[in-house]
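Data first, discussion second: the structure below is written as structure tokens.
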Number of protein chains: 4
Amino acid sequence: MSDMMETLRNEEKMTPKQIEIVKAAIELFSEKGYYNTSTSEIANRAGVAEGTIFRHYRTKKDLLVAIVTPVITNFSAPVFAKKFVSQVFQNDYEHFEDLLYAFIKNRFEFAQSNLPLIKILLQELAFHPEIQTAYKKEFGEKVIPAFNQALDFYKEKGELRDLPNETMIRMMVTTILGFMITRFIVQSDKDWDDETEINQTIAYIMGGVGKKG
Amino acid sequence: MSDMMETLRNEEKMTPKQIEIVKAAIELFSEKGYYNTSTSEIANRAGVAEGTIFRHYRTKKDLLVAIVTPVITNFSAPVFAKKFVSQVFQNDYEHFEDLLYAFIKNRFEFAQSNLPLIKILLQELAFHPEIQTAYKKEFGEKVIPAFNQALDFYKEKGELRDLPNETMIRMMVTTILGFMITRFIVQSDKDWDDETEINQTIAYIMGGVGKKG
Amino acid sequence: MSDMMETLRNEEKMTPKQIEIVKAAIELFSEKGYYNTSTSEIANRAGVAEGTIFRHYRTKKDLLVAIVTPVITNFSAPVFAKKFVSQVFQNDYEHFEDLLYAFIKNRFEFAQSNLPLIKILLQELAFHPEIQTAYKKEFGEKVIPAFNQALDFYKEKGELRDLPNETMIRMMVTTILGFMITRFIVQSDKDWDDETEINQTIAYIMGGVGKKG
Amino acid sequence: MSDMMETLRNEEKMTPKQIEIVKAAIELFSEKGYYNTSTSEIANRAGVAEGTIFRHYRTKKDLLVAIVTPVITNFSAPVFAKKFVSQVFQNDYEHFEDLLYAFIKNRFEFAQSNLPLIKILLQELAFHPEIQTAYKKEFGEKVIPAFNQALDFYKEKGELRDLPNETMIRMMVTTILGFMITRFIVQSDKDWDDETEINQTIAYIMGGVGKKG
DNA sequence: TATGAATGAGCTTTCATTCAT
DNA sequence: GATGAATGAAAGCTCATTCAT
């Protein structure tokens, strides 16, 4: 839980009760969904009066957005921060495969320790235009450009097929997200050998986008 | 719309009003989600009294389930019906790639003409245990076995890598679903060259699961 | 009470419960004011579930407006209807004083049997732009023109001073309203000799606007 | 605003924050009414914490009463103070008309510089028994007696008709208040020639209560 | 004196569901 | 089968007031 509160970041400015509210909301939203969770339930679990929620968040939806928006940023952004891109060009990752491994590993761990947040994001994305907007902005302005740089770099190196970046990104993202959703949500109770699965996923992707021979 | 009503199948037994109710519910559920749609709105759009809905469906959730359950069966099942499997073994599809093409093409068209139904399924799956159960049953009892037969067949033929079927299925399903979700939901407004995209998707999958050389 | 329901007019189209709701609302709004009356109180007194109120009136304010708007029309309009104006010109009222008497008498009786409605109107006018708009429209389009015709007629006859109509109307309306408010609201418990008071009011007005000698 | 604070009188004993609270409350109450103004809004506009309001006024209603009560005294009283009455008997006003002019002029100016306060008084009078009581006390104990003295004096002088004082007071007050309400509230945006209107009002009153010939 | 987080009762409103016709 | 008025529980939200600091 403390991991997640870090993801939400501005913990310092929060009162103890507000932190309890956010924690309770995360639990309930991820378990039962936004519409199946009442504010009185949240207040109850947070050990707080219902009115207290509305001192901190004007509406129930504001609370949802306050929870979900940082996840969008933190789920997609960090790896694409300057540091990461520069690592690519400094040859920290000799092959695209190495980059892929670092990336998936990193995001896998993020997902693991922020599971409830990610569940909320996935479940509610369809219903809240505010969240969709934030997601599109993040993806369009940060993720795509960073991906483009990296893909161009490794294409130049002759490691990747001559497919449009857009197509490649879609396929990779799809494969990675699909793996994580299966791993953490659809079949979370299965006994997984994560290291093997990650490597198989990388192999699958490389088979699809990497240059043969 | 009539395509979709076919998917729901038991149209014959429905009164005209009931058909209107289901049509209205499909539209509204897929546009705004189950929880954002009120029964009075459904009644309104169906041109029916609110009470009429409850003559046909004991609860609002019953209406949802009545709409969604057939989609599960129809989205996954038909291709795996006896006819389909026998086609595989009768060498109707010489290569796995051919099977894949037929499969994706067929499901792509189904998705296209049942888009609202599939949106409802995807959006609500997370929140309704009844739907999850139906989905798991269908997937476990029909899809997996059929896939297994086909994969074993083409493995034997030396066309597929020696990966666990489960892994292969997950990756293929993920890739295909991811393609369709992008195509029809996330970026439905983009200008798509469907034939090209389908072929690239097949190439991507074959790269990942096909035997090299 | 049945008098008042007539004022509201469209009783025919109302369900019995709706009539009870309106009656209860009139009582409570006039006794305690709009903001001091809760919808649960109204429902209670009307012997109705709270939800029933909102089947008939989308919001609490809609209920207020539905009650108040007809009062505006009925308080100001009827006397100025065609019939009334034509009576003026057919010499039904030989002197302005006679017209005044008929007018005050008629409005006095209307006020008497619609007291709660008029209290609501006076009390809430200040706070609800919707009501102000309705009132201004009614006054500007019906009352003023009718008054103008009558005043011009009796000015021609040499019975009225040469004051601007606007000023005369303001003074007369003020005097008449002031009388009624004192009579029915401020000092409603006093023992009034209505006939005398009405005549004195007329005399006061005639002293102020009538031609001397 | 400083004019109004004078009206409220005990400014000396107020802390700066308290003064801000009162100013903010006057603005908001007069603009939107007591029930549409929240204490948090007042605190906000006053630049003060919400709790601070309740250090100075036990309840929100106390704040209203603290604002409105002095207005009642100051709106009606000053003219009837000893000084004023003695002026009457010292023949400072030869004719009743002169007294009337001085009175209306003086109250007109008071109203002009205390408009928000007077709006609050008029708007809230109907809903708060505390205010009604204060108003009745003031009117009964100060205004009526002073008026009686003056009216008797000018009746003796043969300038006024032989109407009951009560009736005359009612009519005069009604006319004067009605004029001011029209001037400052109902049609405050109209272009007024105040001097002319005041004189016409006096003429109207004199026509109604003055002795003919 | 001033703060502002916290309270909880109470508000208006929504909505799935019932039932007499 | 169809209606639609009525229900009442529960929702989200407001707000005057308290109190530890």
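Source: prediction; values computed, not measured. Any value given below was found using the heavy atoms of this structure, including those in side chains, with hydrogens, waters and symmetry copies removed. Each chain gets a letter, A, B and so on, in the order the sequences are listed, and its residues count up from 1.
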*Could you state the NZ-P distance from A:Lys13 to E:dA5, rounded to the nearest angstrom?*
14 Å
_Min side-chain heavy-atom separation D:His56-D:Met14 under 4.5 Å_ = no
*If pairing requires Watson-Crick or G-U wobble contacts with both distances under 3.5 Å, which nucleotide is the partner of F:dT21?*
E:dA2
*asked:* Check whether D:Tyr34 forms a cation-pi arrangement with D:Lys60 (NZ or CZ under 6.0 Å from the six-membered ring centre, at most 45° off the ring normal).
replied: yes
*With DNA chain F as reference, determine whether A:Thr37 or D:Thr37 sits nearer its 5' end, using the nearest nucleotide of each.*
A:Thr37
*Name the nucleic acid region contacted by C:Glu50, choosing base, sugar-phosphate or nothing; use a 4.0 angstrom heavy-atom cut-off, strictly under.*
base
_Base partner of E:dC11, which must satisfy Watson-Crick or wobble distances under 3.5 Å_ = F:dG12
*For D:Pro16 and for A:Thr52, locate the closest nucleotide of DNA chain E by heavy-atom distance; then report the residue assigned to the nucleotide nearer the 5' terminus.*
D:Pro16
*Choose from E:dT3, E:dA2, F:dG1 the nucleotide whose nearest atom is closest to any side-chain atom of D:Val48.*
E:dT3
_Distance in angstrom units between B:Tyr35 OH and F:dA10 P, rounded_ = 16 Å
*In terms of the nearest nucleotide of DNA chain E, which residue is placed more toward the 5' end: C:Lys60 or A:Arg55?*
A:Arg55
*Length of the CG-C1' vector between D:Asn44 and F:dA16, whole Å*: 16 Å
_side-chain N/O B:Ser40 vs E:dA16 OP1/OP2, d < 4.0 Å_ = no
*Let me know the distance between CE of D:Met14 and P of E:dA2, rounded to the nearest Å.*
12 Å
*For F:dG12, does OP1 or OP2 lie under 4.0 Å from any side-chain N or O of A:Lys61?*
no
*C:Ile26 and its side-chain contact (heavy atoms from CB on, under 4.5 Å) partner, picked from C:Ile42, C:Ile67, C:Val68*: C:Ile67
_Whole-Å distance separating the CD1 atom of A:Ile42 from the C1' atom of F:dA10_ = 15 Å
_Geometric class of the C:Tyr35/C:His128 ring pair [parallel <30°, tilted 30-60°, perpendicular >60°]_ = parallel
*D:His56 vs E:dT1: side-chain N/O to OP1/OP2 distance below 4.0 Å*: no
_Can you see whether C:Gln18 engages C:Tyr57 through a side-chain donor-acceptor pair at a distance of less than 3.5 angstrom?_
yes
_Spacing between D:Leu64 atom CG and F:dT17 atom P, to the nearest angstrom_ = 12 Å
*Between atom CZ in A:Phe54 and atom P in F:dA16, what is the gap in whole Å?*
17 Å
*Round to a whole Å and report the spacing from CD of A:Glu20 to C1' of E:dA6.*
14 Å
*Determine: side-chain N/O of A:Thr39 to OP1/OP2 of F:dG12, distance under 4.0 Å, yes or no.*
yes
_Taking the minimum atom-to-atom distance to the side chain of A:Thr59, which one of F:dC13, E:dT12, F:dT3 wins?_
F:dC13
_Of the listed nucleotides (F:dT3, E:dT7, E:dC11), which one gets closest to any side-chain atom of A:Lys17?_
E:dT7
*Can B:Glu50 and B:Ser40 be counted as having a side-chain donor-acceptor contact under 3.5 angstrom?*
no
